[in-house]
Each structure stands twice: as C-alpha cells, then as structure tokens.
2 protein chains.
Amino acid sequence: MAMPGRARLSDVARLAGVSASTVSRVLSNPGLVAPATREAVLAAVMASGYRMNHAARNLRKQRTGCVVALVPNLGNPFFAKILDGMGRELAAAGYDLLIADTLEDAGRHRTLERFLDPSRADGIILLDGLVPLGRLGQGQDLPPLITACEWIEGADLPRVMLDNREGGRIAVAHLRDLGHRHIGVIGGPAGNVLHQARLAGARAALAGGRLTLFPGDFSLAAGRKAAEAWQAMPDRPGAVFALSDEMACAFMASLQRAGLAAPRDVSIIGFDDIDLVSHLSPALTTIRQPKRDIGRQAARVILARIEGQEVAPVTLLAPRLMLRETTGPAG
Amino acid sequence: MAMPGRARLSDVARLAGVSASTVSRVLSNPGLVAPATREAVLAAVMASGYRMNHAARNLRKQRTGCVVALVPNLGNPFFAKILDGMGRELAAAGYDLLIADTLEDAGRHRTLERFLDPSRADGIILLDGLVPLGRLGQGQDLPPLITACEWIEGADLPRVMLDNREGGRIAVAHLRDLGHRHIGVIGGPAGNVLHQARLAGARAALAGGRLTLFPGDFSLAAGRKAAEAWQAMPDRPGAVFALSDEMACAFMASLQRAGLAAPRDVSIIGFDDIDLVSHLSPALTTIRQPKRDIGRQAARVILARIEGQEVAPVTLLAPRLMLRETTGPAG
DNA sequence: AAAATGTTTGAAATCGATTGCAGTCCCGTG
DNA sequence: CACGGGACTGCAATCGATTTCAAACATTTT
C-alpha cells in the first residue's frame with residue numbers, strides 16, 4: 001500500500017505470514033504446501049495483486065520463455081499463417097514467440113548471431129535456408145535450433161517441411177495427365193532448396209516430356225517477367241508450373257492483359273495455396289501447403305528439443321493438389 | 001576453458017585482472033574507464049567469448065528489452081508489412097519484437113492480460129481495436145500502451161494510424177469525379193473503427209449522391225458475398241468502394257466469373273494497396289496505406305513512451321490514391 | 001606545501017524468484 | 001515411552017549484471 005512499485009514475492013510472504021519460499025512453492029508446486037497455508041498464501045496473492053517478475057524467474061531458472069522465429073521476409077504473406085500456427089502452439093506451452101527478419105540492413109549474419117544465445121531465446125526456428133551458419137556449434141552453447149519450411153543442406157538440424165519434391169511431382173503429373181508434354185516451370189532463386197526439391201519432383205514426373213525453366217524468385221515481379229518471356233517464345237509450353245502462387249498470379253494476370261486466358265491458351269498451376277488464389281477468376285489450381293500445420297509442427301519440435309528430447313530429423317508434411325480452374329487438357 | 005557453462009562477467013574480470021564493475025563499465029559506458037584498462041578488458045572479453053546474460057541485466061535494470069505487438073489476425077497479410085517495419089525500427093533501438101495473436105482460443109481478454117505486465121514487455125502496440133480494456137490503468141503499473149492502425153474510441157491511448165476518413169473521402173471523390181452518383185460500399189465489421197471512419201469520409205464526399213452499403217468484414221468471402229448481392233440488385237450502383245483490397249479482389253473476381261468486367265460494367269476501388277493487387281488484370285485502383293511506415297512510426301512512438309517522453313496523441317499518416325485500371329467514367 | 005579537485009577502480013548491495021538443506025512438529029510403531 | 005519417518009516450512013545461497021559509495025591515487029590550485 002505504501003510501496004510505489006508492485007508487490008514482490010516477499011511482500012506476499014509477509015502479508016501471509018510465511019516465508020518467501022513457501023509462497024514460491026504455492027505458486028509453482030502447490031502439492032508441497034499444507035492446504036491451510038496454501039489458502040492463506042493464495043489469499044495474500046490476490047489481496048496484493050502480485051504478479052511474478054519474469055526476469056527474476058528467468059535468471060534463476062536459466063531460461064527465457066521465448067522462442068524466436070527467423071523469417072527471410074516478413075513482408076511475404078506466405079509466412080503469416082505459419083507464424084500464426086506456431087504462435088498458438090507456443091503460447092499454449094507457455095512460450096512467447098519472438099519474430100525477427102533475417103534480411104536486416106546489416107545482412108543475415110547479424111540477426112542470426114544476435115539470437116544464437118541461450119540467454120535470449122530457449123529455442124530458434126529458422127525459416128530461412130540461406131543464413132550463413134558458419135562455424136556453428138563450435139563448443140559454444142547454443143539454444144536448440146531447427147529449420148522449418150526451408151532447410152540447410154548439409155547442416156545437421158531437424159527439419160519441418162512440406163514434401164516439396166512430392167509437391168513438384170504432383171503438379172507436373174497433373175499436367176501430364178492432362179496431356180501436356182512441354183511444361184514451363186517458373187523457378188525460385190537458383191540456390192534455393194525449395195526450388196531444387198520442387199524442380200526435382202517436376203523432372204521426375206516429366207516422363208520424357210520437355211521442361212523449360214523460367215528464372216524466378218517467388219515474387220510477383222518474377223511472374224510477370226516469366227509471362228513476357230513466355231510470350232516471346234516461338235515454341236511456347238502449353239502448361240506452366242509456378243513454384244509460388246504469387247508468381248502464378250502475376251503470370252496469369254500478365255497474360256490476361258495480353259488477351260490470353262487460362263486454361264484456354266495455357267494451363268497454370270501454382271504452389272502454396274495462399275488464400276487469395278481461390279477467390280480469383282479463374283481460380284488458381286495449385287499445390288497446397290498446410291501452412292498452419294507447418295507452424296504448429298515446428299513449434300512442437302522445438303519444444304521437444306528444448307525439453308532435451310530427441311526428435312525426428314525430418315518432419316514431412318504432405319502437399320495436396322487443389323484442383324481449380326486454371327488447368328485444362330492440352331490443346 | 002574448464003568451465004562447462006559460459007563465461008560470466010566475473011570470469012572476464014578475473015581474466016583481465018580487474019573487478020566485475022570495471023568490465024561492466026567497459027561494456028556499457030567505456031568512457032569511464034582508462035584506455036589501458038579498457039583494452040585489457042576488451043581483450044579478455046574476446047578471449048573468453050563472453051556474451052551478456054539478458055535475464056540478469058533485465059532483472060537489474062528493470063526492463064525486458066521486448067515490445068509486444070498484439071495483432072487481431074496474424075494470418076492476414078496486411079499486417080505482415082506493418083510488423084516488418086516495426087521490427088526493423090525496434091531492432092535498431094535494441095528491442096525485440098514479440099508478436100501475439102489476440103484471437104486465441106480463450107478469447108482476446110487472456111492474451112492482453114498476459115502481456116499487460118512490465119516484467120514481460122517494456123511496451124505494447126495494440127493493432128486490434130476490439131480488445132476489452134476493462135478497468136485498465138487502475139492503479140496497476142502497466143507498461144506503456146499505444147494503438148496502431150486501429151484504435152479504441154474513448155480510450156486515452158496514443159494512436160498511430162492512417163487518416164482513414166480522408167482515405168474514404170479520396171476514394172469516393174475519385175468515383176464522383178468520374179461521374180458516379182450511386183456508389184456501393186463494401187464495409188467492415190459494424191463496430192469497427194476503420195469501417196466507421198472510412199465510411200464517414202465516403203459519405204462526406206458523396207455530395208448528394210446515393211450510397212448503398214454492403215455488409216462485410218474485410219475478408220475475401222465478404223467480397224464474394226457482396227458481388228452476389230450486387231448482382232441481385234435491380235438498381236445496381238455503378239461504382240463500388242471496398243474497404244479492403246481483399247474484398248475488392250473477391251468482388252471483382254466474382255463478377256468476372258459472371259462475365260462482367262471492371263471498369264466496363266462497374267468501377268471498383270479498394271483500400272490498403274496490398275502488393276498483389278497491382279499485379280492483377282485489370283490492376284486494382286485503390287487507396288494506399290503506407291504499411292511499413294505505419295509500423296515504423298508505431299515503433300518510434302512506443303520507444304518514446306518507453307523513455308518517458310510525451311508523444312502526440314495522434315500520428316496521422318496520409319493515404320494516397322493509386323490510380324490503376326478498375327475505375328472509369330460512369331456509363 | 002596544503003588543500004581542493006578529478007580520475008579510476010573495487011567492494012558490496014541490489015534486482016526478485018527458486019531450491020538444497022536442515023530443522024520442527026506430529027504421527028505411528030516397536 | 002522412545003525413536004524412525006513423513007509432512008511442512010524457513011534459512012540462506014544462488015542466478016549474473018549493474019550501480020552506489022567510497023577509497024586510492026593523480027593533478028591542479030592557492
């Protein structure tokens with residue numbers, strides 16, 4: 001009442017006529033305390049409006065209560081849903097989700113370093129396959145680290161991801177089934193693991209057909225450029241598989257502007273199944289990623305690692321063909 | 001070298017032959033330490049690979065180094081860019097951005113309570129105008145709290161936001177200039193402040209024209225529903241102002257599916273200017289919100305509040321008409 | 001030469017909760 | 001009746017960095 005600041009554990013203890021240890025036990029391990037004492041303490045807690053000080057507890061327990069997610073580009077709507085699922089799962093387990101963009105001005109490296117520190121986060125979920133891990137894990141004591149969505153070839157980190165190869169396979173198999181034998185692929189950045197896996201799947205399903213690669217980077221602009229390239233070709237592929245929905249949208253819109261339409265003039269299939277594409281006209285056929293699930297699974301895996309459990313090296317989620325209106329039989 | 005854990009401040013001190021106080025000063029206030037000593041300490045810091053323990057510092061300094069952003073729906077891509085700008089600005093000031101969704105299963109209330117605690121966050125940015133503030137600020141010592149994007153009518157909280165009224169005005173004025181006298185508006189949730197402000201602006205620009213309100217909630221589904229309602233009308237408005245780009249997209253696509261086109265059969269204007277809409281065909285005319293800027297400004301305001309400075313009660317950002325292809329003269 | 005001022009540094013208290021250890025009390029058993 | 005064993009509870013150490021205060025020394029000033 002006289003105190004300017006808020007009640008501390010010791011204040012509650014004084015109020016209840018017990019020691020601070022007892023109050024602490026009531027709050028975190030009630031079974032150890034006699035019922036009568038417990039009641040008294042709880043009453044004192046209510047009366048004083050006590051709220052625990054997190055810094056103090058974290059210091060003592062050597063943990064932070066935070067998990068950090070490192071995202072290559074927060075501006076990309078694709079990640080929102082993933083973070084959503086992740087945040088919910090973590091909150092349920094009493095952890096906070098810290099989010100940081102790896103593409104800070106100073107470059108990826110600095111951001112990563114900043115969080116590779118057990119006093120800052122209890123665990124790290126890396127959604128960016130291009131962070132330079134450098135001499136990681138060298139004697140330092142790092143918080144548990146896993147990758148989600150993307151991954152890092154050669155690094156021994158648990159992975160949570162879509163079966164991207166299968167996604168690529170399904171997409172192209174679908175186009176093949178429709179009779180397409182020359183298929184265009186609008187790719188991701190050259191070194192990107194998603195690009196490679198999806199492309200490998202696409203190639204596997206090609207079965208002797210022909211594949212033309214349009215360079216891309218998952219962005220809207222790349223989709224438009226691909227459309228220009230496609231139109232300039234003498235021998236156009238009759239179907240195009242874009243490795244992201246945004247590229248597929250921009251590709252389709254560019255063609256529409258030129259008076260061409262899917263699937264009449266070209267079949268188009270995307271990847272991700274972001275909300276918007278099912279509301280376009282024509283609605284985009286695409287490969288769905290269970291985004292919220294990926295986030296949820298990633299959260300589960302990092303929590304398990306934080307508790308010291310062993311986890312599967314790879315958690316694979318299944319892609320799914322969302323058959324809509326932009327693919328049709330080869331003309 | 002023998003220690004299993006990592007170097008502490010006192011370890012560095014021993015290594016450098018000074019006291020822990022001195023090391024602390026070198027790290028946080030180098031000017032106070034003699035150059036020679038400083039060098040020695042820095043060398044010891046390098047040699048030991050010392051990294052500060054955040055929990056300890058936070059406990060001592062009575063701060064957390066975190067700012068939390070409470071978002072109504074992380075799954076909405078609109079917020080990604082805002083959080084992006086916010087995160088960058090905060091990181092530059094040495095703060096981490098904690099993100100939480102207010103729509104947790106247990107409802108808005110719990111999430112807010114959880115973070116209304118100075119030992120958890122140094123400041124809070126509320127992006128949800130519907131949180132129940134209840135008996136807020138009653139004697140408790142809360143961390144500084146501001147609202148961004150949305151706001152809470154009647155609450156005395158600093159606001160960072162677009163001039164939504166002006167945005168609504170610009171949109172409808174544009175349609176009026178094109179000769180439209182009957183204008184449809186696809187709205188947001190009834191109680192929503194954005195809905196009210198934009199609608200008020202729209203009405204102000206109406207100048208005797210007629211306005212038909214289609215209920216909505218900013219979602220894609222609402223846009224589609226509005227399209228159905230529009231088509232069912234005997235006396236259709238020749239222009240439609242959707243209070244979000246997603247609704248505008250879905251509205252437009254639904255009409256396209258029915259063989260109608262913008263701006264030939266109806267003019268459409270959206271709100272937000274999310275990336276995708278400029279890549280559609282036809283490209284959507286819309287009111288742009290400077291999303292990254294809003295995030296950045298919100299970060300600046302909360303930082304100022306954390307430092308105890310007074311801040312402007314309202315920080316208003318200017319909307320801008322992005323003239324594209326979906327609006328045209330009244331038929 | 002004495003006093004006043006300034007510069008560096010260290011000792012120790014502090015932030016607030018947790019927990020190992022030991023003491024107290026009460027009960028049941030031999 | 002004495003003793004072993006539980007059940008509770010409190011003392012005090014601990015987590016690791018920051019900061020106040022004062023000591024120790026150097027540098028001016030009168």
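Proteins come first, then strands; the chains are lettered A, B, ... in the order of their sequence lines, and each starts at number 1.
- Distances were taken from every side-chain heavy atom of A:S19 (C-beta onward) to each of D:dC11, C:dG10, C:dG16; the shortest belongs to D:dC11.
- Looking at B:T315, its side chain never comes within 3.5 Å of a backbone N or O of B:A298 through a donor-acceptor pair.
- The CG-C1' distance, from B:N53 to C:dC15, rounds to 13 Å in whole Å.
- Nucleotide D:dT18 holds its P atom 6 Å from the CE atom of B:M52, rounded to whole Å.
- A sub-4.0 Å separation between OP1 or OP2 of D:dA17 and a side-chain N or O of B:Y50 is present.
- When the P atom of D:dT18 is taken as reference, atom NE2 of B:H54 falls 10 Å away, rounded to whole Å.
- Minimum interatomic distance between B:L303 and B:A93 (heavy atoms only, all atoms of both residues): CD1-CB, 3.6 Å.
- Between the B:S10 side chain and the B:A20 main chain, no donor and acceptor come within less than 3.5 Å of each other.
- Of all the heavy atoms in A:Q309 and A:R305, the pair that sits closest is O-NH1, 3.4 Å.
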Letter per nucleotide, 5' to 3', of nucleotides 19-24 of chain D [B base touched, S only sugar-phosphate touched, - untouched; heavy atoms, 4.0 Å]: BB----
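- The CG-P distance, from B:N29 to C:dT7, rounds to 14 Å in whole Å.
- Side chain of B:D122 to backbone of B:G65: a donor-acceptor contact under 3.5 angstrom is found.
- When the C1' atom of D:dG16 is taken as reference, atom CG of B:L27 falls 13 Å away, rounded to whole Å.
- Rounded to an integer number of Å, the gap from A:L9 CG to D:dA12 P is 17 Å.
- Inspection of the B:D128 and B:T102 side chains reveals an N or O donor paired with an N or O acceptor under 3.5 Å.
- The two atoms that bring A:A40 and A:A16 nearest to each other are O-CB, 4.1 Å, heavy atoms only.
- A:K81 has no carboxylate O lying under 4.0 Å from a charged side-chain N of A:D84, or vice versa, which leaves the two without a salt bridge.
- Distance, B:R14 CZ to C:dA11 C1': 16 Å, rounded to whole Å.
- At a non-hydrogen distance threshold of 4.0 Å, B:V33, B:A34, B:T37 from residues 32-44 of chain B come into contact with DNA chain C.
- Here the nucleotide nearest the side chain of B:L59, chosen from D:dG16, C:dG10, C:dT18, is D:dG16.
- Using a cut-off of 4.0 Å between Lys/Arg side-chain N and Asp/Glu carboxylate O, B:R6 and A:D117 are scored as salt-bridged.
- Counting only distance, with no hydrogens or angles, the side chain of A:R38 and the backbone of A:V33 share a donor-acceptor pair below 3.5 Å.
- Closest approach of A:L157 to A:L145, counting heavy atoms only: CD2-O, 3.7 Å.
- A:V23 comes within contact range of no nucleotide atom at all, as no heavy-atom separation falls under 4.0 Å.
- In terms of modelled atom types and a separation under 3.5 Å, the side chain of B:S28 and the main chain of B:S24 share a donor-acceptor contact.
- Rounded to 10°, the helix from C:dA1-D:dT30 to C:dG30-D:dC1 has 50° between the axis fitted to its first five pairs and the one fitted to its last five.
- OP1 or OP2 of D:dT14 has not a single side-chain nitrogen or oxygen of A:Q62 nearer than 4.0 Å.
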